[in-house]
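We use all heavy atoms of the structure for the numbers below, so side chains are in, but hydrogens, waters and symmetry mates are not. Order of the sequence lines sets the chain letters (A, B, ...), proteins ahead of strands, with each chain counted from 1.
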Amino acid sequence: MATRTARPLFEGPIVRRALRDAVGKLDPRRMIRNPVMFVVEIGSAFTTLLAIAGPDRAFTAAVSLWLWFTVLFANFAEAMAEGRGKAQAESLRRARKDVPATVLAEPSREARREQRASSQLRPGDYVLVEAGQVIPGDGDILQGVASVNESAITGESAPVIRESGGDRSSVTGGTTVLSDWLIIEIRAKPGESFLDRMISMVEGAKRKKTPNEIALDILLAGLTIVFLLVTVTLSPFSTFAIRQAGSGHAVSLVVLVALLVCLIPTTIGGLLSAIGIAGMDRMIQANVIATSGRAVEAAGDVDVLLLDKTGTITHGNRQAVRLYPATGVAQMRLAEAAVLASLADDTPEGKSIVSLGVGLLGRAVNAPEGAVPVAFTAQTRMSGVDLGARRIRKGASDTMAKHVGGTLPPDVRAAVEQVAKGGATPLVVADDTQVLGVVELADVVKDHIRERFAEMRALGIKTVMITGDNPVTAAAIAAEAGVDDFLAEATPEAKLAMIRDYQEKGHLVAMTGDGTNDAPALAQADVAVAMSSGTQAAKEAGNMVDLDSNPTKLLEIVRVGKQMLMTRGALTTFSIANDISKYFAIIPAAFVGIYPQLRALDIMHLHSPTTAVLAAVIFNALIIVALIPVALRGIAVRAAPAAVTLRRNLLVYGVGGLVLPFPFIKLIDMAIGAFV
Amino acid sequence: MSEIIVYAIVLVALAVPLGAYMARIYRAPLARWEKRLFGEHEQTWREYAVAVLVLNMLGIAVVYVVQRGQALLPWNPNGLPAVDPRVAFNTAVSFGTNTDWQAYGGETTMSHLTQAVALGVQNFVSAACGMAVLVALVRGFTRRHADTIGNFWVDLTRSTVFILLPLSVVLSIALAQQGVPQTLAGQDHAALVEQHAAQTVAVGPVASQIAIKQLGTNGGGFYSVNSAHPLENPTPLTNFLECLAILLIPTALCFTFGRLVGSRRQGVALLVVMALLVVPFLALTAWAESRGNPVLSSLAIDQHLGNMEGKEVRFGVPASALWATVTTAASNGSVNAMHDSFTPLGGLGPLVLMQLGEVAFGGVGSGLYGLVIFAIVAVFIAGLMVGRTPEFLGKKIEAYEMKMASLAILVPVAAVLIGAACACLADETYTKALGNPGAHGFSEVLYAFSSMGNNNGSAFGGLTGSGTFWATAGGIAMWIARYWIIIPTLAIAGSLARKKSVPPSAGTLPTAGPLFVVLLVGVVLLVGALSFVPSLALGPIAEHLGG
């Protein structure tokens, strides 16, 4: 798996541009999209006016300055997140340059040719791309086989094979043909190609708020209104106290604004959009392009994963793992016959039989003089070799039973059953009519896949293996790989029905797919990851595309989705928990002019009322900057049940958020105290 | 201390079977007479809300009209005149909203007809409305892909006829047996120990009124001094029973909720949340009151009984502290001691309990649906923290639910703060309403609006709330706080009922476990603290620290 090398968090050019953008984002028309920070901006402007016109200029100006910083820091966080995407988009854009295309009148090399710029191509055009040329647009291969360098998109430098027909027939504009030639039918309109979509995704141009983001926005807006009420009503409350006491000073407006800004959830409000953008960015780092933030978020909610057996759970091909000689046949004889029958067999299965046999024999086996290889055909359903009159064959047990004249010996039949029951495929080997024994071909489950599934289970996610194998084979592999369930003899219809069934029961289903016949299921699934190597139909049906075409990536996608939500939740909790300490700083400072006894609430023993207010405001601004790395990287996701994760995050961000500000406000207060 | 423990044990022992009984009542299929009376039509949340509002508005109108016309109507043995229009408005809203804030003195203002027909009927109806809305919310959780959330008229009738009415009958007989009057006569004449002196004692249909006043978390007493009056609350047994009746249905409804949503543990968890919210404030008030009055401690006054100012000698500190806590935890508001005379910290307990939004027990039905709303917010935050779209009882909590939940939590806070702020600006507060100067005066104002803005109805005492500003602003605060929680709650019910139900997995946050209980307690406390700490600092806290 090739992932892009992770960018360092703070890159010089990105930071510089983000600083510039942070100021540009002060435009109130843009700020209003973020109600919390919009309130801060109004507060900043208001205190600026107070600093110009009102009393207590130095203090008011200092508060005002830090309020502006609070807004700028939040803007900076967002600009940083966007900046990382923009840098990525630029490298993609370089791949999108206009290239000349050879347009064919018909899908044939002999057809009339015409040169056109790639931006002039329309869906349905046929283009010829030859070695060394850049593929001018997204499309399906109609003719030809070629090795293609897709590094412009995937970052993976090893070339991949693309050919007509099958599930590897689609190509992406901007990639380069290294050898041979291809005739491609263009599928995408200019400006709507995969690369264009990717660029706009990366740039966040089409970024819409995700459902949970909207819900959180509402909660934050609600809290902001509560705090607005709390601070606004303090003015009449303090008037009451003065009227009753006949003396004392009312709370000043600048202190009220400072209190308001400290109380409203600025930490999460300021970092919210950065978290979302950074989540998308992490997807891109993992070489996954999501069509929307909504899809990424849904990935965090997924609780059923449908995984194709081949390629995801097992290495693609079955391999010979064991020989079962028939009674009275030496192991070596069976091994030799099996190897001879497979020498001309170029399939991975055949090769694995040779390597197993050679290993057992301890010597190389060469085809004897005059040996005639017999290839597998759909009619005979056997393969092997003819050595003169001697015919060595291997094939499925029923075929071989017919070949040897009716039935297999009981011991061989038992071996066949045993192998099949274990989930493997038995191949029977015969020398003329003598049955020599059985070769066990087994799926080899990928290393560490079992642990990955255990992790998923801990997160409450059910894994379902999809396979075309018979139920017995499927059950055995499912048990070995540790999946929770399996669908054997899967057809596209069965897959679709299974997804619907899970969804009906309230589950959210994710799956990967690459073939055209996966398209309906992909379209039905809540999170559908199409392999970039897959057909155009699959890519269009999915809501994510994995550029590495690595089906195991689904697990990574789920993790990123969860991380995005968790980071939001953690920072929200942190932000709200912070408020308690700010009350202890500001309430005594604000009311000590009315009720001197409220000094007792100043448990931090701050220098003076003005430094106390200022310290709280400065802390409130700086904490945004301090948490930018958390927002961009996301908090740690561990494979643990929900309750354990919640306990941990509550302790770290809830209790932490409650306690942490006290020492810091005290320190900032001491620092200010040293200056005034 | 021992009486508090006995109280808790008896309460739970009665609440468990009552909870099961209520679950059976609400779950029962439509009876023949119900079909004939209400039809088999079920309501969408909007229809349900309209039904609630229409019935309540009509009820409020009737209460207003009866008060204004009581001089012309029967059952007025004392010949009381029409109630002042401002007070009548305030009282009508107050009883319609299950607040039972009393801007009047009962025996000197309301005729027997007004008490029984206007106020008494609302005592039943407003309580039954709360229970109906709760049951509707439960259906939001239990139904899938459904457009309707039940029929309000059925829920209302069942709550009244099968739950409130029988319990009230039992309790009023017990109270009458203990000496609470139950008569249509207006006055009794008592011969005093002094020769030739006779006292006129106001009597009336008291026992029946008191029973539903307590059971329905209403709190509007027959007498002005409420259950501190010897005829409303004559013996230690009546004190115990009345105190028990306050929390009985709110507690039992937790068990009902658990049964109805198919997770009894969930019901218990919510009850534990309520208890955990109440116990610290009970302890605070009991402790502060038992310490006696700090101002008096330098004088040679025996305070070993605690701060006895404003308390009935019959009850003493523990029973008064328990009642004060219970009556403000539940949105009852009846009193057996004068909270205005509590020590600053002793009065802080009841004040904060109301400010927490009346969700720790709260009103019958309304307390629990209020807590469920808080639980939705807690689940949302927790869901984000575990990386999954939040679910509560199998239903996904999304933007619409958050909008409504935020609204329901915001409304009482706004009603309290804006109401109190306006009161601070109104001249009437200083010229007529206030009973005390300084920080204590502010506590009175804050207490009054915390009580009305959370539909509690408990009065601090000291304050006179019958002036134009107070009667009107209070009425508005009570109205908004009641219906602008009911409407979003029903909206949530409607939205949840339409959703499919998500089966639980290891990734689902268990909402019946101790962790969630702690989180929910934390959320309720945090919202309350963040909203009211500054105003509390200017009231009881400043008063306490000022010594």
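Neither the backbone nor the side chain of A/Tyr653 comes within contact range of chain B, judged by heavy atoms closer than 4.5 Å. For chain B, the nearby parts of A/Asn649 are the backbone and the side chain; heavy atoms of each come within less than 4.5 Å. For A/Ala458, the part lying under 4.5 angstrom from a heavy atom of chain B is the backbone only. The contact between A/Arg243 and chain B is made entirely by side chain atoms (from C-beta outward), counting heavy-atom distances below 4.5 Å. Contact annotation for A/Leu223: neither backbone nor side-chain heavy atoms come within less than 4.5 Å of a heavy atom of chain B. Heavy atoms of A/Ile587 lying under 4.5 Å from chain B belong exclusively to its side chain. For A/Phe591, the part lying near chain B is the side chain, with the backbone staying farther off; criterion is any non-hydrogen pair under 4.5 Å.
Counting all heavy atoms, side chain and backbone alike, B/Ser531 lies closest to A/Val226 at OG-CG1, 3.6 Å. The minimum heavy-atom distance linking A/Thr233 with B/Ala421 is given by the pair CG2-CB, 3.7 Å. Closest of all the heavy-atom pairs between A/Leu646 and B/Met385 is CD1-CE, 3.8 Å. Of all non-hydrogen atoms in B/Cys424 and A/Phe240, the two that sit nearest each other are SG-CB, 3.6 Å. Nearest heavy-atom pair, A/Val230 versus B/Pro534, reported as atom, atom and distance to 0.1 Å: CG1-CG, 3.6 Å. Here the closest non-hydrogen pair linking B/Val502 and A/Gly506 is CG1-O, 3.7 Å.
The side-chain heavy atoms of A/Thr645 and B/Arg388, taken from C-beta on, include no pair separated by under 4.5 Å. With contacts defined as side-chain heavy-atom distances shorter than 4.5 Å, the pair A/Asn212/B/Pro390 qualifies. Counting heavy atoms from C-beta on, the side chains of A/Thr572 and B/Phe380 never come closer than 4.5 Å.
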In sequence, state the C-alpha distance, the side-chain angles, and the governing distance for B/Met402 and A/Ile214, and then conclude on side chain to side chain contact (heavy atoms under 4.5 Å, CB included). CA-CA 9 Å; B/Met402 284 313 292; A/Ile214 293 169; over 6 Å; no
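Listed by first and then second residue, the side-chain hydrogen bond (donor to acceptor under 3.5 Å, both in side chains) pairs that reach into residues 409-425 of chain B come to none, sequence neighbours excluded.
Taking CG from B/Leu417 and CG from A/Leu228, the interatomic distance works out to 11.0 Å, rounded to the nearest 0.5 Å.
Judged purely by atom type and a 3.5 angstrom limit, A/Tyr583 uses its side chain to pair as donor or acceptor with the backbone of B/Leu530.
With B/Leu384 as reference, A/Leu565 is the one residue of A/Thr573, A/Leu565, A/Leu219, A/Thr567 to meet the side-chain contact (heavy atoms from CB on, under 4.5 Å) rule.
Surrounding NZ of B/Lys403 are at most 12 heavy atoms belonging to other residues, nucleotides or ligands under 6.0 Å away.
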